[in-house]
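Below: one structure, written as structure tokens.
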Amino acid sequence: MILDVKFEESKTTFDCDFVEVHNISDGGFERGLAEGERIGYEKGSAEGYSQGEADGRKTEYDAFWDSFQDYGNRVDYEYAFVALGWTTKNFKPKYDIRPTGSAIYMFGINAFKNNGEKVDLTELLENAGVTLDLSNATNADYAFRNSYIKRVPIIDASKTLINLGSIFAFAYDLETVDGIILNNEGTNTFNSAFTAASALREIKRIDGVIGNNIELNYCTLSKESIARVINALSTETSGISCKFSKYRVNKEFETAQGKNDGSTSTEWLDLIATKPNWTISLA
Amino acid sequence: MKIRNVIYADDGKVLTNGETYGKQIYLAEGVDPNSFHEITDEEYAKILKEEEKNETR
């Protein structure tokens with residue numbers, strides 16, 4: 001029997017009864033090897049690329065925020081986030097935001113405008129694993145002016161941020177303040193803290209005492225928030241006033257849907273009667 | 001129900017004592033209602049505009 005055994009590399013003819021064949025595959029081993037190498041390379045390349053990309057992103061993230069926040073030591077956040085470019089995708093602070101000096105206009109003037117939708121700053125900070133701590137700030141005027149922020153976290157004004165000044169003034173999109181912590185002496189001042197904060201509906205918590213004039217007539221406060229403000233009014237001062245929107249009080253305390261008679265309701269009158277030392281005006 | 005002294009502005013008017021402004025004002029104990037006088041809505045709007053202007057930086 002003559003058996004032709006053909007190799008890719010060479011051709012050899014054997015004349016025998018049987019053939020012990022070495023490298024019987026017609027190049028399959030080489031092809032397998034090549035294919036395996038290719039697959040391994042591509043997989044390794046993809047994984048390596050992916051890892052490299054992730055590492056690269058982390059390096060760039062660290063480089064930016066370490067510099068921007070001075071490795072967590074930044075204390076002056078004046079105008080810090082005033083820019084059209086901030087969005088929920090890139091606003092990921094690495095360190096807690098803790099101004100110990102000025103925080104004026106911190107998120108003022110079009111902050112998050114290019115985000116496309118209003119920003120929940122509380123949620124954004126939580127997602128980044130950091131906090132906004134104003135407890136040691138000295139001035140936060142216009143901190144949220146003209147920003148596209150709808151919700152802010154608790155503002156601690158009990159220590160150094162005595163004058164809340166114009167903190168929420170012209171924050172047209174602001175709907176919710178998670179809370180305001182005031183000192184118990186009633187020395188915080190509010191000047192124009194809520195001027196033109198026309199969308200503000202909820203102040204979800206108020207700790208401490210309101211002991212100076214406060215005007216919330218621009219705001220669209222809920223009944224609960226109005227009640228929180230009145231409950232926080234000092235019982236010890238005199239000659240001071242608190243102002244709400246007449247429309248809002250009539251609506252929120254109305255005795256039946258559509259009656260808009262809240263300012264004469266028992267509920268409202270009983271509420272403000274708890275603070276007889278305050279002049280309450282509806283504008 | 002507890003009652004407070006309340007003063008109401010006429011239509012088209014706003015009450016003020018020079019510091020506090022409002023259409024309907026619940027007076028604190030001891031506050032004299034005669035310390036308030038009326039201004040027009042337009043005058044009040046002007047005052048508000050001036051205040052907002054002063055806020056502009």
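Every chain is numbered from 1 and lettered A, B, ... according to where its sequence line falls, protein lines coming before strand lines.
Summarising the geometry of A/S281 relative to B/G22, their closest heavy-atom pair is CB-CA, 4.3 Å, with the distance given to 0.1 Å. Residues A/K243 and B/Y21 come closest through the heavy atom pair CE-O, 3.2 Å. Across all their heavy atoms, A/S241 and B/T20 have their closest contact at OG-OG1, 3.2 Å.
Taking A/G239, A/A196, A/S263 one by one and counting their heavy-atom pairs under 4.5 Å with chain B, the maximum is reached by A/S263. In terms of non-hydrogen atom pairs under 4.5 Å with chain A, the most contact-rich of B/V6, B/V31, B/I25 is B/I25.
Heavy atoms of other residues, nucleotides or ligands lying less than 6.0 angstrom from CZ of A/R151 number more than 12. Remark: A/Y247 OH is loosely packed, at most 12 non-hydrogen atoms of other residues, nucleotides or ligands lying under 6.0 Å away. Other residues, nucleotides and ligands contribute more than 12 heavy atoms inside 6.0 Å of the CG atom of B/D32.
Heavy atoms of B/V14 lying under 4.5 Å from chain A are absent altogether.
Atom OG1 of A/T279 and atom CD of B/E19 lie 10.5 Å apart (nearest 0.5 Å). The CG atom of A/N217 sits 12.5 Å away from atom NZ of B/K23, with the distance rounded to the nearest 0.5 Å. Here the CG atom belonging to A/L282 is positioned 11.0 Å from the CG atom belonging to B/L15, to the nearest 0.5 angstrom.
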